2 protein chains.
Amino acid sequence: MQTIRSFTNVIARLRDVNLRPTRQRIALAKMLFEGDDRHITAEMLHQETQKTNTRISLATIYNTLNQFSSAGLLREIVVDSQRCYFDTNTTDHHHFFFEKTNELKDIEAGDVVLAIVPLAPAGTVIKRIDVVVRVE
Amino acid sequence: MQTIRSFTNVIARLRDVNLRPTRQRIALAKMLFEGDDRHITAEMLHQETQKTNTRISLATIYNTLNQFSSAGLLREIVVDSQRCYFDTNTTDHHHFFFEKTNELKDIEAGDVVLAIVPLAPAGTVIKRIDVVVRVE
DNA sequence: GTGTTTGCAAAGTGTTTGCAATTTA
DNA sequence: TAAATTGCAAACACTTTGCAAACAC
């Protein structure tokens, strides 16, 4: 059965990263990791839980997003100094940011290629290169 | 005389963008636009004013940075969802962000080159492409 | 003088935290 | 039952705003 399989998948995924599969984490993981890749904020997720009679406090959602992010299940995207966005796609890729709607969209791999990558300043290591194409 | 010339330059620059050259704006413009390019936050500028007996309220600094930015005198850089950074270099260029110290550094033009630039999604126009190289 | 700008204090956002109650293993 | 997690409310950090006093022209 689809629901049972995905349920156990989510639990295994949480266990893998040493997070106890609590009711809240399972519910959030299912929302985040089943279906297509998503770009979400804490507030968006919170509203989504409320529509589905899953009662999870906003504080727990913030904490969970940060835990998932530290565990490598999510990736934080910085595009706006007002809000934290998280991406369920943790592979290397870049984003369009729609300034009118505050929405994010993945750029297809291959549609952005850096011809020259700068050397990290002495004593440092490149952790990540973020390319944000701001459109309006 | 150096001081008088720069003083009048700053005033002309403010007038150019239709901002009345008030005591506060002149002081901030001098701090920002004389000398080398800088990456600053409101709080950093505020501390700097306090060290030089220039009394300017934090609210005015926030408002002034936003006005300068709208006027094209500064450019906002989004690297951290906690703080707004402004860059006095408004020409096209990219940044290193040092995650340990929260500092920004320009990447030399030519050290980042996009080999392929994505097409803007239908109905949109690219406003800007930001490349942030996060180092640690 | 008239309209603009400032500074203050208050309000507003988004996020984190301390702690008692609850849940997981 | 021991350790981890949750939810609440309070605290936080950064930023904006309303409004009276001060300033620019």
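Bear in mind the structure is a predicted one, so any value in this text is a computation, not a measurement. Throughout, a chain's letter reflects where its sequence line sits, starting with A, and its residues are numbered from 1. Heavy-atom basis, side chains included; hydrogens, waters and symmetry copies ignored.
Using a 4.0 Å cut-off on heavy atoms, the residues of residues 13-25 of chain B that approach DNA chain D are B:R15, B:R20, B:P21, listed by number. Scanning residues 58-74 of chain B for heavy-atom distances under 4.0 Å to DNA chain C yields B:A59, B:T60. Using a 4.0 Å cut-off on heavy atoms, the residues of residues 78-88 of chain B that approach DNA chain D are B:Q82, B:R83, B:C84, listed by number.
Of the candidates B:I40, B:T41, B:L45, B:I61 forms a side chain to side chain contact (heavy atoms under 4.5 Å, CB included) with just one, namely B:L45.
With sequence neighbours excluded, the residues that form a salt bridge (Lys or Arg N to Asp or Glu O under 4.0 Å) with B:R128 are B:D130. Residues that satisfy the ring-ring contact (aromatic ring centres under 6.0 Å, His included) test with B:H46, not counting sequence neighbours, are absent from this structure.
Within the structure, ring pair (Phe, Tyr, Trp, His ring centres under 6.0 Å) pairs that include any residue of residues 20-44 of chain A comprise A:F33-A:F68, A:H39-A:H95 (at least two apart or interchain). Listed by first then second residue, pairs satisfying salt bridge (Lys or Arg N to Asp or Glu O under 4.0 Å) with a partner in residues 102-114 of chain A number zero, not counting sequence neighbours. Residues in residues 83-97 of chain A take part in these salt bridge (Lys or Arg N to Asp or Glu O under 4.0 Å) pairs, two or more places apart or across chains: A:R75-A:D92, A:D80-A:R83. The stretch residues 42-64 of chain B participates, sequence neighbours left out, in these salt bridge (Lys or Arg N to Asp or Glu O under 4.0 Å) pairs: B:R38-B:E48.
When side chains are defined from C-beta on, B:M31 counts as touching B:T52, because their heavy atoms get closer than 4.5 Å. Side-chain atoms of A:N9 and A:R13, non-hydrogen and from C-beta on, never get closer than 4.5 Å to each other. Residues A:H93 and A:V131 form no side-chain contact, since every pair of their non-hydrogen atoms from C-beta on lies 4.5 Å or further apart.
Under the 3.5 Å distance criterion, the side-chain polar atoms of A:R15 are left unmatched by any main-chain donor or acceptor of A:V10. A:T60 places no side-chain N or O within donor-acceptor distance of the main-chain N or O of A:I56, the cut-off being under 3.5 Å. Counting only distance, with no hydrogens or angles, the side chain of B:R134 and the backbone of B:V79 share a donor-acceptor pair below 3.5 Å.
Here B:L14 contributes atom CG and B:T22 contributes atom OG1; the two are 7.5 Å apart, rounded to the nearest 0.5 Å.
Within the helix from C:dG1-D:dC25 to C:dA25-D:dT1, the inter-axis angle between the opening and closing five-pair segments is 30°, rounded to 10°.
Along DNA chain C, read 5' to 3', the first and last nucleotides having any atom under 4.0 Å from a heavy atom of chain B are C:dG3 to C:dC8.
Its side chain outside the 4.5 Å cluster rule for every partner, A:L119 clusters with none of the Ile, Leu, Val, Met, Phe, Trp and Tyr residues.
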